[in-house]
Amino acid sequence: MQGNVTVANLGYPRIGEDREWKKTLEAFWSGKCGEEAFYAEMERIQLAHLEVQKAKGLDSIPVNDFTYYDHMLDMAVMLGVVPARFGPTGGTVPISTYFAMARGNENAAACEMTKWFNTNYHYIVPEIGEAVPCLTENKPLAAYRFAKSRAGIEGRPVIVGLYTFLKLSKGFPSHHLTDQIERFLPVYVELLKQLEQEGVAWVQIDEPALVADTKAEEFERVELIYNTIRDRVPQLNIMLQTYFEAVDNYERLVNLPVGGIGLDFVHDSGANLKSLKQYGWPDNKSLGAGIIDGRNIWRSDLDAKLALIHEILEHVPGHRLILQPSCSLLHVPVSLQRELKMNKMIRDALAYANEKLDELTLLKSVVSDNMTGDLEASRNALSLFRKLPERNRPDVAAQMAGIDSLRDKRNLPFQSRFEVQRRKWNLPLLPTTTIGSFPQTAEVRQARLKWRRGEWDDARYGMFVRQQIEQCIKVQEEIGLDVLVHGEFERTDMVEFFGEKLAGFLFTQNGWVQSYGSRCVKPPVIYGDVAFTGAMTVEETAYAQSLTELPVKGMLTGPVTILNWSFVRDDRSREEVANQIALSLRKEVEALESAGIEMIQVDEPAIREGLPLKERDQAAYLEWAVKAFRIATASVKDTTQIHTHMCYCEFHDMIDSILALDADVISIETSRSHGELIASFELNGYDHGIGLGVYDIHSPRVPSVDEMSEMIDRALRVLDPELFWINPDCGLKTRGWEETAHALRNMITAARAAREKLTGVIQ
Ligand code: GLN
Ligand code: ZN
């Protein structure tokens, strides 16, 4: 008997089993659902989530994890951080302002959004600026009351910690962090005070920023926050929650004056357990042990989890141990109930949010009541799954064994390739091109749907796609682009398309997770060894090439992006899986080349996303990520031109890795970090082909020729015109044809003007 451990959840997915949450939000935004109906439906969804968790028998259920958009936005609005462009501030913030901050309106641009640590969830970045801290409402209190009165649940309110909140905010110099803490702390304390007065027993304060290389001197700020809270709100128990990595400053952290601390024992590379063993656990503190992976969809090996629990129990008494997911379950789909079409053996090896909660309560019953019999079903499911032949393919193993002997460097260095390619391609100075996709109109989507439903056969759909390609080539020629693309009409999504054609991938029916706001994604699942099964893009690309004398660029998604946008098997390293994908893509690159496609773009928009949170792990990641890209691309002829494309992130601090990809040309999004990127080129130069997006495709606005000329001039102040390409900053699939054609015409006019300026020759 190890004492009575308890079970907690840290956050439940918001989107609903059938994405009701998303649908409600979108109905409200489009005016199809009024305000009253909106609130009523949201309450119903929130209540349903509470009831599910209650039925699971959890000892601690989070409240205020539910939101109408994003938990960081909630915090900002609650603390009075509403930028002036959204109207007068102070007092309750209307729901229209709340959504305007997230989505923009006719008067004001939306707040920026960015990735929540190393996840695919995006939060709204608070703009501190001139904001005067004030408590505009107490959302956690309202959520606590709601759970209590409507579901009889004594919930545990969750809020973002002040340290993390401010670390992720912008609009003040980072060395003023202490000033900002001092400014916001009284309001933050007031919020907690109200919870204390209500009789709330525990509050979960999320401080994931504490795992991202917190320096010792930074930690003083954390101590300032938690000492103040202890002094001012002494009756409230604080569960200080960390996740996504091991904590820095373990000894100081566990001695903070709080009732409990939550640690991630899944994504910590073993470091949290090591610290626990080395430094022990303070008396009188609870440990929230994140033992079930909150970021992946695999069923847990419960025997391994039990062993972990027993190791922890050597240092923490059972009554102080809380079993929990490694982080909020926001990052996994809701329930396996709706996965009706999946192969049973695979389905049985999965656990979405609801099933993860079952795993936790099962572990509790085993630890506390010794009910080991219930583990059998889980063991059997895993052992059957592990034996699936797709998971251990000898042919893939053989190829992987030979990977080190494969060429992962181009035959010639860039400078020499540049010369041979210049002769081969004979492109004008400042060549113009696009990033790959052209408008995915309603017509294109409907055609695909008809084909997927079986209403159209392959021949009919193929013909439709060919017609789209024809039209797209015609438009590009007519506009005057130099390097064309086929338009990607046959693709829904840049990962799904390849996943469906490669072995080792699986597509779920209902594996949705929130990406940002109401937007959900359904990541593919890499459950087996990845292998090439046949050419994926050759037909469409070669068809496009057959229609024009101008070069058509082939278009592939890179190995690291495919990896980072999927749920990946966890019995192999990410590096290994990336290499399996790279080997498959290498075959595709070679197939394109043999079909006469000798400009090939391999997109890596997500390369930055996989960057580990700890600086000490980043170099190793970048090294294998770069290597995977090179395995995919390095086998081509000297004259074959490899392009790549990156977007969504800031890249100025990884230019060395970008150069190490050794792509002949990169096109890179600049709307987010133009200043920093240019500054970094100013400092270090850039000596491969490069196109900085000269217009932002994320808006329907058509930029003028002058605006684009200015972007080109700015770039040419720091980049060599011989190496510079002119292109939009991302794919055009979300745009309409009219605005696209108009914007591209302006781009061509700007490009011709720039050439004239450089050469003095009238174009
Ligand atoms: N080639 C892709 C497209 O144009 C690139 C998309 C992306 O960068 N996310 O759509
Ligand atoms: Zn892009």
Practice task
Validate the cation-pi geometry between Arg569 and Tyr527: distance from NZ or CZ to the six-membered ring centre under 6.0 Å, angle to the ring axis within 45°.
Solution key: no
Practice task
Report yes or no: do Glu470 and Tyr543 form a side-chain donor-acceptor pair below 3.5 Å?
Solution key: yes
Exercise for the section: Report yes if the side chains of Phe724 and Leu758 come closer than 4.5 Å at any heavy-atom pair, otherwise no. Expected result: no
Exercise for the section: For the residue pair Thr537 and Glu588, confirm or rule out a side-chain donor-acceptor distance under 3.5 Å. Expected result: yes
Exercise for the section: Would you please say whether a donor-acceptor pair under 3.5 Å links the side chains of Arg448 and Gln440? Expected result: yes
Exercise for the section: Apply side-chain contact (heavy atoms from CB on, under 4.5 Å) to the pair Asn120 and Tyr516, showing each step before the final yes or no. Expected result: CA-CA 9 Å; Asn120 269 332; Tyr516 63 88; over 6 Å; no
Completion exercise
Here the gap from Arg586 atom CZ to Ile403 atom CD1, rounded to the nearest 0.5 Å, amounts to 8.5 Å
Exercise for the section: Taking all heavy atoms of Leu677 and all of Leu692, pick out the closest pair and write down the distance. Expected result: CD2-CD2, 4.0 Å
Handout entry: Under-4.0 Å salt bridge between Asp653 and Arg608
Key = yes
Handout entry: Interatomic distance, Met342 atom CE to Phe507 atom CZ [nearest 0.5 angstrom]
Key = 11.5 Å
Exercise for the section: Flag the pair Arg417 and Asp662 as a salt bridge only when some basic side-chain nitrogen lies within less than 4.0 angstrom of an acidic carboxylate oxygen. Expected result: yes
Exercise for the section: Spell out, as yes or no, whether a donor-acceptor pair under 3.5 Å connects the side chain of Glu722 to the backbone of Leu429. Expected result: no
Handout entry: Any donor-acceptor pair under 3.5 Å from Glu669 side chain to Met646 backbone
Key = no
Practice task
Report yes if the side chains of Leu502 and Thr533 come closer than 4.5 Å at any heavy-atom pair, otherwise no.
Solution key: no
Practice task
Could you walk me through whether Glu707 and Arg701 pass salt bridge (charged side-chain N to carboxylate O under 4.0 Å, His left out), step by step?
Solution key: CA-CA 12 Å; Glu707 273 172 72; Arg701 202 176 68 87; 2.8 Å; yes
Problem - Atom CD of Glu419: over 12 foreign heavy atoms under 6.0 Å - result: yes
Practice task
Could you tell me whether the side chains of Thr433 and Lys553 share a donor-acceptor contact shorter than 3.5 Å?
Solution key: yes
Handout entry: Side-chain heavy atoms of Trp737 within contact of Phe438, under 4.5 Å
Key = yes
Handout entry: Validation row: Val485, Gln476 side chains within 4.5 angstrom (heavy atoms)
Key = yes
Problem - Glu738 CD: over 12 foreign heavy atoms closer than 6.0 Å - result: no
Problem - Polar contact flag, side-chain donor to acceptor under 3.5 angstrom, Asp638-Asn411 - result: yes
Handout entry: Considering all heavy atoms, the nearest Thr492-Arg452 contact
Key = OG1-NH2, 4.0 Å
Exercise for the section: May I ask you to check whether Phe567 and Trp298 place their ring centers less than 6.0 Å from one another? Expected result: no
Problem - Inter-residue atom distance Thr541.OG1 - Ile469.CD1, 0.5 Å rounding - result: 7.5 Å
Completion exercise
Residues Thr740 and Arg735: closest non-hydrogen pair is OG1-CB, 3.4 Å
Practice task
Kindly determine whether Lys733 and Asp493 satisfy salt bridge (charged side-chain N to carboxylate O under 4.0 Å, His left out), including the steps that lead there.
Solution key: CA-CA 10 Å; Lys733 68 167 164 244; Asp493 164 298; over 6 Å; no
Fill in the blank from the handout: Value for CD (Glu488) from CD (Gln468), rounded to nearest 0.5 Å, stands at 13.5 Å
Problem - Residue pair Thr548 / Glu477, side-chain donor-acceptor N/O under 3.5 Å - result: yes
Completion exercise
Heavy atoms of Gly528 and Gln580 approach each other most closely as O-OE1, 4.3 Å
Exercise for the section: Please tell me if the side chains of Val552 and Leu547 come closer than 4.5 Å, counting only heavy atoms from C-beta onward. Expected result: no
Problem - Under 3.5 Å side-chain donor-acceptor pair for Thr644 and Glu604 - result: no
Completion exercise
Between Ala578 and Leu563, the two heavy atoms sitting closest are N-CD1, 4.0 Å
Handout entry: Note, Phe489 side chain near Phe464 side chain (heavy atom, < 4.5 Å)
Key = no
Exercise for the section: Take the angle between the ring planes of Trp451 and Tyr461 and call it parallel below 30°, perpendicular above 60°, tilted in between. Expected result: parallel
Problem - Distance-only donor-acceptor check, side chains Glu26 and Ser518, under 3.5 Å - result: yes
Exercise for the section: Taking the side chain as every heavy atom from C-beta outward, state whether His486 and Ile473 have any pair of such atoms under 4.5 Å apart. Expected result: no
Handout entry: Residue pair Ile435, Asn727: steps toward the side-chain contact (heavy atoms from CB on, under 4.5 Å) verdict
Key = CA-CA 7 Å; Ile435 306 304; Asn727 48 258; 3.8 Å; yes
Exercise for the section: Could I get the full list of ring-ring contact (aromatic ring centres under 6.0 Å, His included) partners for Phe532, not counting sequence neighbours? Expected result: none
Practice task
Under the side-chain contact (heavy atoms from CB on, under 4.5 Å) rule, what do Thr561 and Trp565 come out as? Steps first, then yes or no, please.
Solution key: CA-CA 6 Å; Thr561 295; Trp565 285 350; 3.6 Å; yes
Exercise for the section: Establish, from distance only, whether the side-chain atoms of His643 and Gln641 form a donor-acceptor pair under 3.5 Å. Expected result: yes
Handout entry: 4.5 Å side-chain heavy-atom contact, His645 and Ile668
Key = no
Practice task
Report the distance from atom CD1 of Ile712 to atom CZ of Arg755, rounding to the nearest 0.5 Å.
Solution key: 9.5 Å
Exercise for the section: Identify the heavy atoms of Val718 and Glu682 that sit nearest to each other, and give their distance. Expected result: CG1-CG, 3.5 Å
Problem - Neighbour count >12 (heavy atoms, 6.0 Å) for atom CZ, Arg519 - result: no
Exercise for the section: With side-chain contact (heavy atoms from CB on, under 4.5 Å) as the test, would you mind laying out the steps for Ile479 and Met747 before giving the verdict? Expected result: CA-CA 10 Å; Ile479 290 174; Met747 186 181 93; over 6 Å; no
Problem - From CE (Met494) to CG (Leu556), nearest 0.5 Å - result: 10.0 Å
Practice task
Consider only side-chain N and O atoms of Glu598 and Trp425, and report whether a donor and an acceptor are under 3.5 Å apart.
Solution key: no
Exercise for the section: Verify the distance criterion only: is there a donor paired with an acceptor across the side chains of Thr432 and Asp482 at less than 3.5 Å? Expected result: yes
Handout entry: Short side-chain donor-acceptor distance under 3.5 Å, Asp664 and His688
Key = no
Practice task
Spell out, as yes or no, whether a donor-acceptor pair under 3.5 Å connects the side chain of His122 to the backbone of Ser515.
Solution key: yes
Practice task
Would you kindly say whether Asn118 and Glu609 are connected by a side-chain donor-acceptor distance under 3.5 Å?
Solution key: no
